[in-house]
Amino acid sequence: MSTAPNRRAVAVILLIPLMVTLALWAFAWPAARIAPRDLPVGVAGPASAAQQLEQRFEQRDGAFDVHRFDDEAAARTAIEDRTVYGAVVVTPQGPHLLTASAASPVVSQLLREAVTASVPEDTPVRVTDVVAAPPGDPRGSALGASVLPLALAGMAAGAVVTLMGLRGARAAVTLIGSAALVGLAATAVAHSWLGALTGDWWTVAGVLALTVLAIGSAVAGLAALFGPRGIGLGALLMVLLGNPFSGVTSAPELLPEPVGAIGQWLPPGAGGSLLRSVAFFDGSAAGAAVLTLSLWTLFGLTAVLFARRAPTPAEPVEPAREPALTG
C-alpha cells in the first residue's frame with residue numbers, strides 16, 4: 001500500500017493549524033499592540049510655552065516625533081501636506097488642537113486624549129478638524145475595510161491568469177484589464193454610492209486599479225518564477241501580511257516596529273496610503289506609495305512577460321518530437 005496518501009494527510013493535518021496560528025499572529029498581534037511610535041505631531045506658539053509642551057510630548061520616550069512651527073498657519077499647512085497628523089497651538093486662552101481625522105480617526109482620538117491629559121483639569125481644549133473625514137465614512141471604517149477586498153481581487157486575478165495558462169502579453173493585458181475594471185467598480189461603490197471617498201473620481205479609480213494591478217501582477221510574476229507555489233507565496237505577502245500590516249485602520253506609526261514600515265513596502269499598505277492622499281489631501285505625500293506600487297507592478301509584469309516556467313495542469317504539454325529517420 002502506497003504511503004503517499006498518508007503523507008499528504010499528515011501534511012494537511014499539520015499545515016492547517018500552522019496557517020491558522022500564522023494568521024492569528026499576523027492579524028491579532030499588531031492590533032493588540034497599537035500605540036504611538038515616532039508619531040509625527042506639531043507644536044506651535046510662543047517659544048517658551050511651546051517648548052514646555054514639546055517636553056511633555058518627549059517625556060513619552062519614542063512615542064512622538066515633535067515638529068516645531070512658528071504659528072497656526074504653518075501647522076495647518078503641515079497637516080494638509082501630511083507632514084504631521086496633528087498639532088497643538090499654544091494660545092492665551094489655552095491649547096488649540098488641530099487634527100486630521102481623514103488621515104486617521106484613531107490618531108485624532110489619541111491626540112485628544114494626550115493633550116487633555118497634559119493640561120490642568122479645568123483648562124478647556126479647543127479642537128479643530130483641519131482635514132475631516134467625509135460624512136459618508138466619519139470613522140474611516142469603509143476605507144479600512146477596502147484593503148482586504150482589493151488584496152483578494154488582485155490575488156484572484158494573478159491566480160486565475162496562472163491557472164488558466166495565460167502567458168506573455170496575453171497574461172499582462174488580462175491583468176491590466178481586470179485591474180482597470182475593478183478600479184472603476186470599486187470607485188463607483190465607495191465614491192459615488194457610499195460617499196466614503198472624495199477627491200477626483202478618476203484619480204481615485206486609477207489608484208484603486210494600480211493597487212489591484214500591483215498585487216495581481218506580483219502574484220502572477222511569482223507564479224511565473226516559482227510555479228504554482230508562487231501563488232501561495234503571493235497569498236502570504238499580499239493577504240496574510242499585507243492586509244494586517246497596512247495600517248489603514250489606524251496608522252503605520254501605531255503598529256509595532258518594524259511592522260508599520262514593512263506594510264508600506266507591500267502593495268496593500270502603499271495602496272491604502274496613496275488612496276488617503278488622493279482622496280483627502282490633494283495627492284500630498286503620494287510619491288513613496290506610487291513608487292512602491294510601480295515597482296511591484298514592474299516586477300510582476302516583467303516576470304510574466306519573460307520568465308520561463310513549467311506548464312500548469314491547464315496547459316497542454318507538447319509531446320517530444322522523435323528525430324527523423326534518414327534512409
Side-chain angles (χ1 to χ4, degrees), residues 34-135 137-140 143 198-199 247-255 257 260-261 264 272-289:
I34 287 181
R37 297 170 176 85
D38 290 327
L39 184 72
V41 297
V43 173
S48 59
Q51 185 176 7
Q52 293 178 2
L53 186 57
E54 182 178 353
Q55 290 174 351
R56 292 176 187 172
F57 276 117
E58 292 176 348
Q59 286 176 355
R60 299 179 62 177
D61 188 28
F64 296 100
D65 177 20
V66 183
H67 298 243
R68 288 286 295 273
F69 302 105
D70 295 332
D71 51 25
E72 180 178 337
R76 285 176 174 267
T77 300
I79 293 173
E80 293 168 351
D81 292 341
R82 301 199 71 185
T83 303
V84 296
Y85 281 91
V88 184
V89 182
V90 181
T91 68
Q93 294 77 27
H96 180 196
L97 175 61
L98 306 177
T99 64
S101 59
S104 172
V106 176
V107 171
S108 297
Q109 182 62 32
L110 185 151
L111 290 178
R112 289 190 184 199
E113 295 173 356
V115 174
T116 302
S118 65
V119 300
E121 187 174 349
D122 297 333
T123 303
V125 178
R126 186 160 60 99
V127 180
T128 300
D129 200 346
V130 177
V131 185
D137 188 27
R139 296 179 181 86
L143 179 62
T198 57
V248 176
T249 57
S250 55
E253 293 85 357
L254 298 184
L255 299 179
E257 297 178 350
Q264 296 307 298
S273 179
L274 181 58
L275 187 59
R276 283 192 189 278
S277 292
V278 302
F280 309 127
F281 294 90
D282 294 328
S284 298

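Across every non-hydrogen atom of Ala78 and Phe69, the tightest pair is CB-CZ, 3.4 Å. Taking both residues in full, the closest heavy atoms of Ala74 and Asp71 are given as N-OD1, 2.9 Å, listed atom of the first, atom of the second, then distance. In terms of heavy-atom proximity, Ala132 sits nearest to Ala102 at O-CB, 3.7 Å. Taking all atoms of both residues into account, the shortest heavy-atom contact from Pro134 to Thr198 is CB-CG2, 4.0 Å. The two residues Tyr85 and Pro252 have their closest heavy-atom pair at OH-CD, 3.8 Å. A pairwise comparison of heavy atoms in Asp129 and Ala100 identifies OD1-CA, 3.5 Å as the closest pair.
To the nearest 0.5 Å, the span separating CZ on Arg76 from CG on Asp81 amounts to 13.5 Å. To the nearest 0.5 Å, atoms CD (Glu54) and NE2 (His67) are separated by 10.0 Å. Atom OG of Ser101 sits about 11.5 Å away from atom CG of Leu111, to the nearest 0.5 Å. Glu253 CD to Leu110 CG: the interatomic distance, rounded to the nearest 0.5 Å, is 11.5 Å. Separating the CG atom in Leu39 from the CG atom in Asp65 is a distance of 8.5 Å, to the nearest 0.5 Å. Between the CG atom of Leu274 and the CD atom of Gln264 there is a distance of 10.5 Å, given to the nearest 0.5 Å.
When atom types are taken as modelled, the side chain of Arg82 and the backbone of Ala286 share no donor-acceptor pair closer than 3.5 angstrom. A donor-acceptor pair under 3.5 Å is formed between the side chain of Arg37 and the backbone N or O of Leu254.
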Evaluation steps, side chain to side chain contact (heavy atoms under 4.5 Å, CB included), between Phe280 and Leu143 = CA-CA 12 Å; Phe280 309 127; Leu143 179 62; 4.0 Å; yes
For a side chain to side chain contact (heavy atoms under 4.5 Å, CB included) check, start with the C-alpha distance between Val125 and Arg112, then their side-chain angles and the critical distance, and finish with the verdict. CA-CA 8 Å; Val125 178; Arg112 289 190 184 199; over 6 Å; no
Quiz prompt | Verdict with supporting geometry, His96 and Glu72, side chain to side chain contact (heavy atoms under 4.5 Å, CB included) | solution = CA-CA 9 Å; His96 180 196; Glu72 180 178 337; 3.6 Å; yes
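Just one of Val127, Ile79, Val131 meets the side-chain contact (heavy atoms from CB on, under 4.5 Å) condition when paired with Leu98; it is Ile79.
Residues Val66 and Val41 form a side-chain contact, since some pair of their non-hydrogen atoms from C-beta on lies under 4.5 Å apart. Between Val90 and Gln52 there is no side-chain heavy-atom pair separated by less than 4.5 Å. For the pair Glu80 and Ser284, the minimum side-chain heavy-atom distance is 4.5 Å or more.
Under 3.5 Å, the side chains of Gln59 and Gln55 contain no donor-acceptor pair of N or O atoms.
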